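Notes follow the structure.
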Amino acid sequence: MANTLIDQFLESLWLEKGLSDNSLSAYRRDLDQLAAWLEQHGKTLMEATHSLLQQFLGWRVEQAYSARSTARVLSAIRGFYRYLLRLDLISEDPVCLIESPKLGRQLPQSLSEADVDALLQAPSVGRPLELRDRTMLELLYASGLRVSELVALRTGNINVRQGVVRVLGKGSKERLVPLGENALDWLERYLADGRQALLGEVRTDTLFPGRKGKPMTRQTFWHRIKKYAMKAGIDKPLSPHTLRHAFATHLLNHGADLRVVQLLLGHSDLSTTQIYTHVARHRLQQLHAEHHPRG
């Protein structure tokens with residue numbers, strides 16, 4: 001019964017909001033965890049009360065889950081019980097009086113321009129596999145794509161003549177992102193010298209194929225990034241979005257307008273992009289302290 005309800009809820013989210021597979025998987029994990037916890041206490045999802053949900057959230061605190069993670073879980077639970085209420089499957093919302101944990105503004109990890117340059121030069125481009133990786137890194141930094149968007153690219157998404165890439169982002173929203181000359185040069189080199197060597201006899205429109213011509217997974221490319229970061233001597237904390245954050249931060253540091261960065265990143269809400277102004281401001285403060293005579 002629990003799995004059926006969760007499946008129906010996730011299907012409604014997909015239909016109404018067009019959430020990505022990654023977001024839906026995260027919602028499923030969160031609700032599965034709640035269902036398992038309730039089962040241990042002799043209850044089902046339909047029998048959850050305000051008190052039980054408070055205990056569940058308290059258990060997460062005891063298990064040292066972060067406030068940010070718990071806020072995400074609570075968002076999934078809140079949506080689930082509102083869905084049940086809308087269908088008249090429950091008469092009261094057990095989540096309505098539960099407040100989300102207070103979150104501090106988390107600044108994304110970024111790299112300096114020197115770090116990015118070292119990372120981009122780490123692959124040995126004489127090998128088709130590493131030529132592919134160099135091109136992928138160049139495209140990430142030039143366009144600010146999500147890793148999931150990058151690995152999903154098809155050859156038809158790239159217009160070399162116009163210098164743009166067509167991206168299908170979150171919520172199936174399409175956007176056109178310009179590519180710089182550097183990225184285009186590497187892309188043309190990869191298409192001429194690397195891609196067919198990787199594919200052999202395989203026929204596919206996947207732009208950056210993995211094994212046997214199949215699309216690469218996000219996890220595989222993330223491991224590749226970590227490998228090159230280690231080779232480049234970068235010991236800063238990295239995430240799959242490291243080059244995306246660097247793209248946004250460096251644009252703002254060089255005077256780009258925040259709304260332009262919002263469009264390039266594919267953020268539907270400007271408030272999501274505004275976090276980067278804090279990153280850029282921190283950099284300006286550092287520069288002032290280093291170079292001003294009274295810094």
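Everything numeric in this text was worked out from a predicted model, so none of it was measured.
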Under 4.5 Å between any side-chain heavy atoms of Leu5 and Tyr83, yes or no? no
Could you go step by step and tell me if Asp30 and Leu34 meet the side-chain contact (heavy atoms from CB on, under 4.5 Å) rule? CA-CA 6 Å; Asp30 295 340; Leu34 172 63; over 6 Å; no
Could you walk me through whether Leu120 and Tyr141 pass side-chain contact (heavy atoms from CB on, under 4.5 Å), step by step? CA-CA 9 Å; Leu120 295 179; Tyr141 183 53; 4.2 Å; yes
Is it the case that the side chain of Gln162 and the backbone of Asn159 share a donor-acceptor pair, with hydrogens and angles ignored and the cut-off at 3.5 Å? no
Expected output: side-chain Tyr27 to main-chain Ile6 donor-acceptor under 3.5 Å: no
Would you kindly confirm whether Leu89 and Val95 end up in one hydrophobic cluster when ILVMFWY residues are joined by side chain heavy atoms under 4.5 Å apart? yes
Grab the two heavy atoms, one from Ala142 and one from Ala183, that are nearest each other, plus how far apart they are. CB-CB, 3.5 Å
For Leu139, does its backbone N or O pair with a side-chain atom of Ser143 as donor and acceptor, under 3.5 Å? yes
No-hydrogen, no-angle side-chain donor-acceptor test under 3.5 Å, Ser25 and Asn22: no
Distance-minimising heavy-atom pair for Leu153 and Arg166: CD2-O, 4.0 Å
Do the charged groups of Asp7 and Arg28 touch, with an N to O distance under 4.0 Å? yes
So which heavy atom on Val151 is nearest to which on Thr217, and how close? CG1-O, 4.1 Å
Should Ile234 and Leu119 count as side-chain neighbours, where that means a heavy-atom distance under 4.5 Å? yes
Using the six-membered ring wherever Trp is involved, compare the ring planes of Trp37 and Trp59 and label them parallel, tilted or perpendicular (cut-offs 30° and 60°). tilted
Transitive ILVMFWY side-chain link Trp14 to Leu10, under 4.5 Å: yes
pair Gln55-Leu52: side-chain heavy atoms closer than 4.5 Å: yes
Checking the side chain of Asp115 only, and the main-chain atoms of Ser112 only, is there a donor and an acceptor separated by less than 3.5 Å? yes
Between Lys43 and Glu39, does any side-chain N to carboxylate O distance fall below 4.0 Å? no
Take a 6.0 Å sphere around NZ of Lys226 and say whether it holds more than 12 heavy atoms from other residues, nucleotides or ligands. yes
Step by step, work out the side-chain contact (heavy atoms from CB on, under 4.5 Å) result for Tyr81 and Leu45. CA-CA 9 Å; Tyr81 282 104; Leu45 287 171; 3.8 Å; yes
When hydrophobic residues are tied together by side-chain contacts of less than 4.5 Å, even through go-betweens, does Leu199 share a cluster with Leu150? no
Atom CD in Gln8, atom CG in Leu84: separation rounded to 0.5 Å? 9.0 Å
Table please: side-chain donor-acceptor pairs of residues 122-130 below 3.5 Å, with sequence neighbours left out.
residue, atom, partner, partner atom, Å
Ser124, OG, Lys231, NZ, 3.2
Arg127, NH1, Glu130, OE2, 3.0
Glu130, OE1, Ser124, N, 2.5

Thr135 side chain to Leu131 backbone, donor-acceptor under 3.5 Å: yes
Nearest heavy atoms of Met216 and Pro209, plus distance in Å: CE-O, 4.4 Å
Would you sort out whether Gln33 and Tyr65 count as a side chain to side chain donor-acceptor pair (under 3.5 Å), showing the intermediate values? CA-CA 13 Å; Gln33 185 188 57; Tyr65 285 99; 2.9 Å; yes
Start with the C-alpha distance between Ile158 and Leu187, add both sets of side-chain angles, then the distance that settles side-chain contact (heavy atoms from CB on, under 4.5 Å), and finish with yes or no. CA-CA 9 Å; Ile158 300 288; Leu187 185 60; 3.2 Å; yes
Just so I know, are the side chains of Leu74 and Leu57 near enough to count as touching, which here means a heavy-atom distance under 4.5 Å? yes
Contact between Phe208 and Asp133 at the side-chain level, heavy atoms closer than 4.5 Å - yes or no? no
Does some side-chain heavy atom of Arg60 sit less than 4.5 Å from a side-chain heavy atom of Gln63? no
Quick one: side-chain hydrogen bond (donor to acceptor under 3.5 Å, both in side chains) pairs with a partner in residues 187-202, sequence neighbours left out? none
Validation row: Arg224, Leu137 side chains within 4.5 angstrom (heavy atoms): no
Correct closest heavy-atom pair for Leu31 and Ala76 would be CD2-O, 4.0 Å
Return yes if a side-chain donor-acceptor contact under 3.5 Å exists between Thr204 and Thr206, otherwise no. yes
Report yes if some heavy atom in the side chain of Asn157 is under 4.5 Å from a heavy atom in the side chain of Leu207; otherwise report no. no
Going hydrophobic residue to hydrophobic residue with side-chain gaps under 4.5 angstrom, can you get from Met230 over to Ile225? no
